[in-house]
Amino acid sequence: MQIVRGVDLVLEKGEFAAIMGPSGSGKSTLLYMMGLLDQPTTGKVLSNGKDISNLPDREMAMFRNKMMGFIFQSYRLLPQYTALDNVILPLAYAGEMHRKEDAKKLLEKIGLGKRIKNRPSELSGGECQRVAICRALINRPTVLLGDEPTGALDTKTGEEIMDILLDLHRDGMTILLVTHDPRIAKRTQRVLHFADGKLQG
């Protein structure tokens, strides 16, 4: 069964776009293919004109770690680790543990300077999502991908997370979000509508 088919999508450098559509329409699958978490059975994923969808496993993992940042609805933080330890995980994979101080600065910038030693169970949902954003940003990615990053949050906290993403966009970050919330989508530059595995219009 094809979940995504016939999609031709260009995400411009510095763009902030949102994908909307009903549950099961293929939005998250498309996002995961663009971020090299899933591989398309046909077609290509291009970055600056280069096909990155069939890179060797190790090269693909390094590309993903350095060039892509991911924010998930369920945070995906490791419960046994502190906020700081969760943020520095991508540095460990990249062999850049000397940049641990950068992780502290990111957490301070996002308002969690006094919470770096707390584990996820000791943080609110909004604080966990802020940690997840820091983890996504620590390797200074070119593109930030978010799969319902405000979906598990109350309206006020969701707006605060969106304010952070807008600040990142103003600093030049390219961002693509999947969302069900029209208020969130309205704050982006472009809204893509997805249904039955295809972009509409």
Side-chain angles (χ1 to χ4, degrees), residues 16 18-19 27-28 31-32 34-38 58 60-181 183-185 187-188:
F16 193 170
I19 302 176
K27 305 182 304 297
S28 294
L31 194 77
Y32 282 35
M34 292 180 68
L36 305 181
L37 292 173
D38 282 342
R58 181 174 175 79
M60 183 179 289
M62 290 302 294
F63 183 93
R64 189 168 51 227
N65 193 41
K66 292 293 292 182
M67 304 300 289
M68 306 279 188
F70 298 90
I71 312 170
F72 303 97
Q73 178 177 348
S74 56
Y75 324 132
R76 295 198 186 180
L77 302 178
L78 296 180
Q80 70 273 31
Y81 289 171
T82 65
L84 178 61
D85 289 337
N86 270 282
V87 173
I88 64 176
L89 274 175
L91 295 179
Y93 293 138
E96 297 186 1
M97 286 298 288
H98 61 280
R99 292 183 49 229
K100 185 175 180 178
E101 199 62 33
D102 290 350
K104 291 181 180 179
K105 290 177 181 177
L106 264 180
L107 286 163
E108 289 169 359
K109 184 177 180 179
I110 214 163
L112 293 177
K114 296 181 179 180
R115 309 284 274 165
I116 64 173
K117 294 182 179 180
N118 290 83
R119 290 178 171 80
S121 62
E122 301 167 323
L123 302 173
S124 68
E127 288 172 332
C128 283
Q129 195 60 295
R130 288 168 187 256
V131 173
I133 290 172
C134 290
R135 182 185 57 193
L137 295 176
I138 191 61
N139 276 335
R140 302 165 183 158
T142 302
V143 179
L144 187 63
L145 303 173
D147 188 13
E148 294 278 0
T150 64
L153 306 174
D154 62 79
T155 301
K156 181 177 182 296
T157 306
E159 291 289 341
E160 291 172 355
I161 295 300
M162 194 60 186
D163 288 341
I164 292 169
L165 298 179
L166 285 166
D167 284 342
L168 292 170
H169 174 244
R170 280 189 282 269
D171 288 340
M173 180 73 70
T174 303
I175 305 175
L176 179 63
L177 301 182
V178 164
T179 182
H180 280 101
D181 191 336
R183 292 170 301 182
I184 295 297
R187 298 182 70 185
T188 67

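Keep in mind it's a predicted model, so treat the numbers as computed, not measured.
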Give me the atom names and distance for the closest heavy-atom approach of [X] to [Y].
{"X": "C128", "Y": "P120", "answer": "SG-O, 3.6 Å"}
{"X": "S28", "Y": "D147", "answer": "OG-OD1, 2.8 Å"}
{"X": "G35", "Y": "L145", "answer": "CA-CD1, 3.5 Å"}
{"X": "L177", "Y": "P149", "answer": "CD2-CG, 3.8 Å"}
{"X": "C134", "Y": "I110", "answer": "SG-CG2, 3.7 Å"}

Report the residue from M34, M68, M67 that forms a side-chain contact (heavy atoms from CB on, under 4.5 Å) with V143.
M68
ring-ring contact (aromatic ring centres under 6.0 Å, His included) against F70, all qualifying residues, sequence neighbours excluded
none
Quick check against the 3.5 Å criterion: does [X] have a side-chain atom that pairs as donor or acceptor with the backbone of [Y]?
{"X": "R130", "Y": "I164", "answer": "no"}
{"X": "R135", "Y": "R76", "answer": "yes"}
{"X": "Q129", "Y": "T150", "answer": "no"}
{"X": "N139", "Y": "N65", "answer": "yes"}
{"X": "E122", "Y": "R119", "answer": "yes"}
{"X": "R99", "Y": "I138", "answer": "yes"}

Please step through side chain to side chain contact (heavy atoms under 4.5 Å, CB included) for the pair R187 and D163, ending with a clear verdict.
CA-CA 9 Å; R187 298 182 70 185; D163 288 341; 2.5 Å; yes
For F16 and H169, take the angle between the two ring planes, folded into 0 to 90°, and tell me which bin it lands in: parallel under 30, tilted 30 to 60, perpendicular over 60.
tilted
Residues in salt bridge (Lys or Arg N to Asp or Glu O under 4.0 Å) contact with R170, at least two apart in sequence or another chain:
D167
Partners of R183 by salt bridge (Lys or Arg N to Asp or Glu O under 4.0 Å), sequence neighbours excluded?
D181
Answer yes when K109 and D102 have at least one side-chain N-carboxylate O distance shorter than 4.0 Å, and no when they do not.
no
I'd like to know if K105 and E101 make a salt bridge, using a cut-off of under 4.0 Å between side-chain N and carboxylate O.
no
Enter the distance from R140:CZ to K66:NZ here, rounded to the nearest 0.5 Å.
7.5 Å
In this structure, are over 12 heavy atoms from other groups packed under 6.0 Å from Y81 atom OH?
no
